[in-house]
Amino acid sequence: MFANLSDRLTASFKQLRGKGRLSDADIDATVSEIRRALLDADVALPVVRAFAANVREKAKSAEVSQALRPAQQVIKIVNDELVEILGGEARDLHFAKHPPTVIMLAGLQGAGKTTLAAKLGRWLREQGHTPMLVAADLQRPNAVTQLQVVGEQAGVPVWAPEPGNGVGDPVAVARSGVQQARDKQYSVVIVDTAGRLGIDAEMMQQAADIRDAVQPDETLFVLDAMIGQDAVTTANAFAEGVGFTGVVLTKLDGDARGGAALSVRGVTGKPVLFASTGEKLSDFERFHADRMASRILD
Ligand code: GDP
């Protein structure tokens, strides 16, 4: 991810290196290159515009023009701006005052929700929580079994639909799962929900019904970082249809252009909390804007 963007940004700084003083024309040329590099990486246009305007303004400040090595200053400005659009300091999950904390996962089919449920469960367990997973994705034929398999790998129990707790009714499964977590005193309950390949009114309604039934403390929108420009439309549709409190970026190990990762915070205003970086359960980490920015500018 980001290899091409990294190369392009590095190249755009080259022409500044060694210069003792930067003219406005130097800065404008560099900012144009940065702008094109971001657009080619599929970063959303409003995000690119704001980014370019901020860098241009800061790079033309007195501090930069008086610096001994102005190119270094410009690189620092770009780095700080990347950290900013990626969301600055990561925030922690919000845990409920009275457990269980309910975390609902929403997103398109294939985004990586089921995998994430187990990864997050495993991570929470390592942090000393007692999580439970709820298989409320009844759309995809194998989703329940898949969650049971990954749940077992993660050492986290899975509540699956059975006669009596809502076969065929994802809202009933979600509700009974959260009740089970409450009765058995699990501290966190993660509800996996169905997605479709594209945005779909019925699916959105189902997710909204599950949300109303379980009243999540966190609703995490799971976004495949490889989907490029579609990320913005998808994120906006979920923000409107279900609402979410945070974002998880998946497939950051892919070699796509990565624009989704750079756009989602700016477009939705919601923080990216976690990153999924592979198919293994351990390929999962807190999302750190500063680390991601340094990876891009490496
Ligand atoms: P869901 O439909 O949203 O529940 O998506 P799944 O959890 O079933 O994931 C869809 C596919 O993406 C599966 O083959 C996963 O193994 C794969 N996957 C999930 N997360 C990642 C990731 O971070 N990196 C990679 N490379 N693959 C992932």
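For ligands, and for the atoms within them, numbers begin at 1 and follow the listed sequence.
Considering both main-chain and side-chain atoms, Thr114 comes within under 3.5 Å of ligand 1 through a nitrogen or oxygen pair. Of the polar atoms of Thr250, none of the N or O atoms is found under 3.5 Å from an N or O of ligand 1, judged by distance alone.
For Leu116, no heavy-atom contact with ligand 1 is shorter than 4.0 Å. Only backbone heavy atoms of Thr277 (N, CA, C or O) come within less than 4.0 Å of ligand 1; its side chain stays farther off.
When ring centroids are compared, Phe284 and Phe274 come within the 6.0 Å threshold.
Within a 6.0 Å radius of CD in Gln72, more than 12 heavy atoms belonging to other residues, nucleotides or ligands are found.
Heavy-atom separations between Gly254 and ligand 1 are all 4.0 Å or longer. Residue contacts with ligand 1: Gly278 is included, with a non-hydrogen atom under 4.0 Å away. Between Ala111 and ligand 1 there is a heavy-atom distance shorter than 4.0 Å.
Using a 4.0 Å threshold on non-hydrogen atoms, atom 21 (C) of ligand 1 counts as touching the protein.
Heavy-atom contacts of Lys113 reach the following atoms of ligand 1: 1 (P), 3 (O), 4 (O), 5 (O), 7 (O) (cutoff under 4.0 Å).
Using modelled atom types, one finds a donor on one side chain and an acceptor on the other under 3.5 Å when comparing Asp26 with Ser23.
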